[in-house]
Amino acid sequence: MPATLKRLNEVYPSDVKSTVPLGLRINDMLYTTSLNAADPVTGEISGDIREQTAKTLQNLKDMVEKAGGTLDNVARGVGYCTTPDDRTPVDEVWMEMFPNEKDKPAMKVLLGELPAGQLVRLDALVLLGAKRTRIDIPNVSAHDPTIKIGNWVITSRCHGNDQATGQIVEGGLDAEAKQTLTNLSTLIKLAGGSDSNIVQINTYGREADYIPAAKAAFEVHFPDPAKRPALNQQVNFVSSRMQVAMEMFAVL
Amino acid sequence: MQEIFANQAHDPIPVAVKLGDLIHGARVTGADPATSELPDTLEAQSANALQNMKAAVEAAGASLDNVGQVSFFFKNFSGAVMRDVINPLWVEMFTDEDSRPTYKFMPAPELPGDQQVHVEFWAVPGQKRNSIQIPNVAHTNPIPFGVKMGRYLFSSRCLPMDPATGKNPEGLDPQLSCSLGNASTLLDMAGMSWGDVTQGRAFLTDMANLPKIESAWKAKTSAPLAPVVYGVGGNAQVYVEFIAAGKAG
């Protein structure tokens, strides 16, 4: 947190009868906390998953522009939908909004429980005035990128790809968790930082039984308990090609 | 930045976020913390929501002692019901009447699904709550007029009450002057000034009054002022609420 706060405010809906904030603004940072497909005037949510995603992204665009920014300033999106089948349309509409493969925000789509009638929710992190740089490990493909924006480095969900072959390493969960952490370290180095810049790591597995092994790998990778990033371990959708995925948030 | 999850393994949407020296909770619901189910009654949802807030601040490495301001949003807005439901839970959670966070109740018919209540909060880890009361201008509810925590000051909705009489004057102009005057008193008592104010919200009964309110606000501070139309109590036509932040350290 900067020593001087020029801005610290909740961001409210443009409809003066809607009371729940849409997000926060802290200096140049915008953090959305309840973006969905709600019509900005009536508050109504309608449409199928594609329509709701498009409306949600329009609400994001409006909010960013109202704060004086553009979609170029979006650092990270997290989509939430209720069934695995809905992940693809969310991703497709996202790619329509961010069509440039070389310059798009970090992104992931998770499964979550949403209130009745709501098919998608989007949490976004925006750094007004800053632009993204995509960071890649050579040989390792990433559908959703790792980006550097301002002094932040934010990954999408990373996997245990071998840096020589690009393939997920063999050896199951333990090997994948170790390799994924190695890849996060490589990404933060490519961004000009080191492991000590990582402030948060979120891990993902299909079943809760992956948690101890991923935690053990984390503790080996960050041996000093006093210098470990915050760790959140979630059970959520993970592609059948792998056992574990991880993302990080780092501040240079 | 650190995301805070209520039930990491089974609920992927953060309930709160830790941003430097602040925690902001924005998705505290009345869902049962064990099962994620929403109970049917406002009483049960409210009790869960307060427990979920406690769990969120604790997951962020802080405690209820670090909570400064809480906002309750209700799908069905009725002052009496809310006071009867929330206040007993509130005084049970915050037992020391000299050290309570401040809160507000808001109508939110847009709350989705079966949600009857939604809670948001601000907390400042590592800082003790200094609850401030203005002489002769008090809320009837069990909350202070404002809370100073470290470099932050969270106001309640500043009542348009005249400190000389303890009553709301009649009419917009004197009410506006009293509400802003009470905000000034709160800033003074916190050792802060209008230059530290970072956001304001105006609660008004009639949008036609907004230009007058905005112009009085702008005479005090350049911080943004967001309006919300809201049936304020009794003869009141306007309240202002604000957050102020001084320099770190």
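Any value given below was found using the heavy atoms of this structure, including those in side chains, with hydrogens, waters and symmetry copies removed. Order of the sequence lines sets the chain letters (A, B, ...), proteins ahead of strands, with each chain counted from 1.
The two atoms that bring A/Glu10 and B/Glu120 nearest to each other are OE2-OE1, 4.4 Å, heavy atoms only. Across all non-hydrogen atoms, the minimal contact from A/Leu110 to B/Pro12 is CD1-CB, 3.8 Å. Contact between B/Gly113 and A/Pro115 at its shortest, heavy atoms only, is N-CB, 4.0 Å. Taking both residues in full, the closest heavy atoms of A/Pro21 and B/Phe73 are given as CD-CZ, 3.7 Å, listed atom of the first, atom of the second, then distance. Here the shortest heavy-atom pairing between A/Thr19 and B/Pro107 reads OG1-O, 2.7 Å.
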Criterion side chain to side chain donor-acceptor pair (under 3.5 Å) on B/Glu3 and A/Asn232, from CA distance to verdict
CA-CA 8 Å; B/Glu3 292 159 302; A/Asn232 299 304; 5.1 Å; no
Please determine whether side chain to side chain contact (heavy atoms under 4.5 Å, CB included) holds for the pair A/Met29 and B/Leu19, giving the CA-CA distance in whole Å, both sets of side-chain angles, and the decisive distance to 0.1 Å.
CA-CA 10 Å; A/Met29 189 200 77; B/Leu19 297 154; 3.7 Å; yes
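Proximity to chain A at a heavy-atom threshold of 4.5 Å picks out B/Thr198, B/Gln199 from residues 191-199 of chain B, in numerical order.
Heavy atoms closer than 4.5 Å to chain A are found in the side chain of B/Ile243, but not in its backbone. If you measure heavy-atom distances from A/Asn36 to chain B, you find no contacts under 4.5 Å at all. If you measure heavy-atom distances from A/Ser18 to chain B, the contacts under 4.5 Å come from both the backbone and the side chain. Using a 4.5 Å cut-off between heavy atoms, B/Glu110 contacts chain A through its side chain alone, with no backbone atom that close. Contact annotation for A/Arg121: only side-chain heavy atoms (C-beta onward) come within less than 4.5 Å of a heavy atom of chain B. Within the 4.5 angstrom heavy-atom criterion, no atom of A/Ile45 approaches chain B. With a 4.5 Å cut-off on non-hydrogen atoms, A/Glu44 does not touch chain B at all. Of the atoms belonging to A/Ile154, not a single heavy atom falls under 4.5 Å from chain B.
Under the 4.0 Å criterion applied to side-chain N and carboxylate O atoms, B/Arg27 and A/Glu113 are not assigned as salt-bridge partners.
Side-chain contact check for A/Leu114 versus B/Ile13: some heavy-atom pair is nearer than 4.5 Å.
Ranking A/Tyr31, A/Trp152, A/Tyr204 against chain B, the residue ahead of the rest is A/Tyr31, based on heavy-atom pairs under 4.5 Å. Per-residue counts of heavy-atom pairs under 4.5 Å with chain B were compared for A/Leu8, A/Asn9, A/Val235, A/Thr33; the largest is that of A/Leu8.
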